Trainee: 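Okay, handing you the structure first.
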Amino acid sequence: MTNQEIWNMVLGEMELALSRANFTTWFKNTSIISRNEDCVVVSVPNGFVKEWLENKFNKQIITSIRKLLPEIRDVRYTMGTVASLPPEKKDITQFIPDRIMEEIRSNAEVNSITNLNKRYTFDSFVVGSNNELAHAACLAVVKNLGKVYNPLFLYGGVGLGKTHLLQATGNKVVEDNGIRKVAFISSERLTTEIIESVKNHNVEEMKSKYRKLDVLIIDDIQMIAGREKTQDIIFDTFNELYSKNKQIIFSSDRPPRAIPALEERLRSRFEGGMIADISAPDYETRLAILKLKAKEKGSNMDEAILGHIATTVQKNIRELEGALNRVIAVNQMYNKALDLKEVKKLLATYLNTPYKKTTPQLILKSVSDFYGIPLMDLTKRSRKKEIVHPRQVAMFLLREETKSSFPEIGQKLGGRDHSTVIHAYEKIKHAEETDETMRQEIVLIKERIYQSIDH
Ligand code: ADP
Ligand code: MG
């Protein structure tokens, strides 16, 4: 059994035992880097996680590992990748963790200029009544770049295949037309790029990069809600490309008119082309998707089992795939195919730990508890330092954890202007990235938020 298989099993158990946020916080970027007959060394991304795993989760981790390797007595946690086994028992298996290798491999599939990932193709996309229109629109766009549907605006809920279709479209353009200037970018990344370029005084340079394109694909455009500078630049770029008959494609989790704080001029541009929606797939489509994915992964799973997965997971194709992966992983681990009864049991535990949703109220309460200030003070117009900081943190967390728009957040915190919220968000985000104390503060508040959901 490889270290990765062992660690995957531990991760599987921890994932079931913890809320998703907690799980991600403590187990992201961890792996087993080496082991000998009685000790396993786990690499962790930083000292904070190390401490936390040692103090809070060590027992659970050991118990979990012993199910596979009963002789293990000790687990050590180390930052970085060099094994720190006791010298007399120095292990031979020092290598780059499988996960990192995997990441390198999957990144290698992403073209660094176009940002397109070869994994997403039309061939690997199952067409059903839920996505038929969007699929046809994308194909029409590939054949008539900039001519028929410009812009093309796709929208639909989380995990329903928007990114897949957009990427497939980009890949097909490149495939059919040879060297075309195609670029795919998420609006989050675009926003970051814009903020950077403003800071570095090279906005024009950045803009001209996008103006040279034949096809510009922007994913998750709803994320530009409330971001004026980003909207300005997208508007200019749009006009420039559109006037030269260059193709523009957007995706969003909602239709243009439902994106809050979107400038009217942009909204009308989005609505000026073709709008196609993707909805949740029906049973037949879900089953067809599972069959295709199983085949891609080299698994010939029983149709009855695929049918069961298709019946249980209905709303989100990413989760559908997740459930399939889980069954495949367990099959591989035990080196046999689980029968229907076992799969039912496995998925029941998996699906009964749904994504724990937080609420704005809970976030505000956790922030006020953490800083020891009355909840009311967060919404007051006070400029006292003891209150300003917690309020900014609350704004940041509301944005990160509930994806509320900036204006909505301003409203919740005593009717503040969205630019104040953006400023606070930016400030805390930066602090979180650069200041270890701030980062820990945020982690601890999140702990509070998700702990109170768990119980
Ligand atoms: P979105 O961008 O809408 O959140 P994604 O495009 O990331 O969703 O899709 C989530 C996962 O589901 C991806 O792995 C994708 O390949 C897969 N998927 C979605 N729709 C389909 C489909 N119709 N056929 C095959 N795979 C699909
Ligand atoms: Mg997406």
Side-chain angles (χ1 to χ4, degrees), residues 20 102-103 105-107 109-110 114-139 141-142 152-172 183-192 216-225 249-256 258-259 275-299 301 306-307 309-310 312-329 350-351 355 357 403:
R20 192 169 291 194
E102 211 163 83
E103 215 174 290
R105 242 182 277 130
S106 77
N107 280 342
E109 285 172 39
V110 178
T114 61
N115 247 326
L116 290 170
N117 186 335
K118 284 220 166 65
R119 168 176 114 75
Y120 296 110
T121 62
F122 282 111
D123 287 342
S124 61
F125 190 81
V126 174
V127 184
S129 53
N130 63 311
N131 56 29
E132 195 164 37
L133 177 64
H135 176 260
C138 288
L139 283 180
V141 158
V142 173
L152 172 61
F153 191 102
L154 297 188
Y155 75 89
V158 176
L160 294 183
K162 301 182 296 292
T163 300
H164 189 138
L165 262 186
L166 255 49
Q167 285 265 347
T169 306
N171 279 323
K172 185 91 175 118
F184 173 99
I185 187 159
S186 72
S187 65
E188 283 246 86
R189 231 187 92 184
L190 186 59
T191 302
T192 313
L216 172 60
I217 306 173
I218 306 183
D219 202 10
D220 288 321
I221 192 76
Q222 80 278 354
M223 302 296 291
I224 63 168
I249 310 176
F250 300 102
S251 84
S252 161
D253 67 354
R254 63 199 87 181
I259 302 177
I275 301 188
D277 76 314
I278 305 183
S279 52
D282 57 15
Y283 175 81
E284 270 66 42
T285 312
R286 296 200 296 277
L287 186 61
I289 291 172
L290 285 172
K291 282 185 182 164
L292 182 82
K293 303 268 172 191
K295 200 171 143 205
E296 278 175 5
K297 295 171 211 289
S299 155
M301 205 174 283
L306 295 178
I309 302 176
T312 357
V313 189
Q314 307 192 337
K315 299 245 152 55
N316 180 323
I317 298 171
R318 190 173 296 125
E319 276 170 19
L320 192 68
E321 209 178 330
L324 174 71
N325 285 341
R326 181 154 289 250
V327 177
I328 294 178
Y350 173 57
L351 296 165
Y355 179 66
K357 240 186 142 74
K403 301 285 176 227

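Predicted model only: the values in this text are computed from it and were never measured. Indexing begins at 1, ligand by ligand and atom by atom, following the structure's order.
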Trainee: Need the ligand 1 atom indices (1-based, order shown) with element for anything under 4.0 Å from a heavy-atom of Gly157.
Mentor: 3 (O)

Trainee: Could you tell me which atoms of ligand 1, counted from 1 in the order shown, lie closer than 4.0 angstrom to a heavy atom of Asn131?
Mentor: 23 (N)

Trainee: Check Ala134 against Ala276 and note the closest heavy-atom contact, atom names and distance.
Mentor: CA-CB, 3.8 Å

Trainee: Atom 21 (C) of ligand 1: which protein heavy atom is closest, and how many Å away?
Mentor: Phe125 CE1, 3.7 Å

Trainee: Does the plane of the ring in Tyr120 sit parallel, tilted or perpendicular to the ring in His164? Use 30° and 60° as the thresholds.
Mentor: perpendicular

Trainee: Indicate yes or no: does an N/O atom of Gly161 lie under 3.5 Å from an N/O atom of ligand 1?
Mentor: yes

Trainee: For Ser252 and Asp220, indicate whether the former's side chain and the latter's backbone hold a donor-acceptor pair under 3.5 Å.
Mentor: no

Trainee: Below 4.0 Å, non-hydrogen atoms only: which portion of Ile289 touches ligand 1? Side chain, backbone, both or neither.
Mentor: side chain

Trainee: Which ligand 1 atoms does Arg119 reach within 4.0 Å, using its non-hydrogen atoms?
Mentor: 14 (O)

Trainee: With heavy atoms under 4.0 Å as the rule, classify the contact between Val127 and ligand 1 as side chain, backbone, both or neither.
Mentor: neither

Trainee: With atom 4 (O) of ligand 1 as the reference point, say which of Gly159, Ser186, Ala134 has the nearest heavy atom.
Mentor: Gly159

Trainee: Give a yes or no on whether Arg254 atom CZ has more than 12 heavy-atom contacts from other residues, nucleotides or ligands under 6.0 Å away.
Mentor: yes

Trainee: Of all heavy-atom pairs between Thr121 and Ala168, which one has the smallest distance, and what is that distance?
Mentor: C-CB, 3.6 Å

Trainee: Surrounding NZ of Lys297 (heavy atoms of other residues, nucleotides or ligands, distance under 6.0 Å), is the total greater than 12?
Mentor: yes

Trainee: Of the backbone atoms (N, CA, C, O) and the side-chain heavy atoms from C-beta on, which set of Arg286 has a member under 4.0 Å from an atom of ligand 1: side chain, backbone, both, or neither?
Mentor: neither

Trainee: Write out the residue and atom name of the closest protein heavy atom to atom 23 (N) of ligand 1, then the distance separating them to 0.1 Å.
Mentor: Val126 O, 2.8 Å

Trainee: Run the salt-bridge test on Arg119 and Glu296 with the 4.0 Å N-O cut-off and return the result as yes or no.
Mentor: no

Trainee: Just to confirm my output: which protein heavy-atom neighbour is closest to atom 16 (O) of ligand 1, and how far is it?
Mentor: His164 ND1, 2.7 Å

Trainee: Could you tell me the residue and atom name of the protein heavy atom closest to atom 26 (N) of ligand 1, and the distance to it rounded to 0.1 Å?
Mentor: Lys293 NZ, 3.1 Å

Trainee: Of the protein's non-hydrogen atoms, which lies at the shortest distance from atom 14 (O) of ligand 1, and what is that distance?
Mentor: Glu321 OE1, 2.8 Å

Trainee: How close does the nearest protein non-hydrogen atom get to atom 7 (O) of ligand 1, and which residue and atom is it?
Mentor: Arg318 NH2, 2.8 Å

Trainee: How does Ser124 reach ligand 1, by side chain, by backbone, by both or by neither, if only non-hydrogen atoms under 4.0 Å count?
Mentor: backbone

Trainee: Looking only at heavy atoms, what is the nearest atom pair of Phe122 and Cys138, with distance?
Mentor: CZ-CB, 4.0 Å

Trainee: Closer than 2.8 Å to the Mg ion (ligand 2), do we get an N, O or S atom from Ser186, backbone or side chain?
Mentor: no

Trainee: Which residue supplies the protein heavy atom nearest to atom 2 (O) of ligand 1, what is that atom called, and how far is it?
Mentor: Thr163 OG1, 2.7 Å

Trainee: To the nearest 0.5 Å, tell me how far Leu306 CG sits from Ile289 CD1.
Mentor: 12.0 Å

Trainee: If you look at every heavy atom in Ser187 and Ile224, which pair is closest and at what distance?
Mentor: CB-CG2, 3.8 Å

Trainee: Looking only at heavy atoms of His135, does any of them come nearer than 4.0 Å to an atom of ligand 1?
Mentor: no

Trainee: Nearest heavy-atom pair of Asn316 and Arg318: which atoms, and what distance?
Mentor: OD1-N, 2.7 Å

Trainee: Report the distance from atom CG of Asn115 to atom CG of Asp219, rounding to the nearest 0.5 Å.
Mentor: 10.5 Å

Trainee: May I ask you to identify the nearest protein heavy atom to atom 27 (C) of ligand 1, giving residue, atom name and distance to one decimal place in Å?
Mentor: Ile317 CG2, 3.8 Å

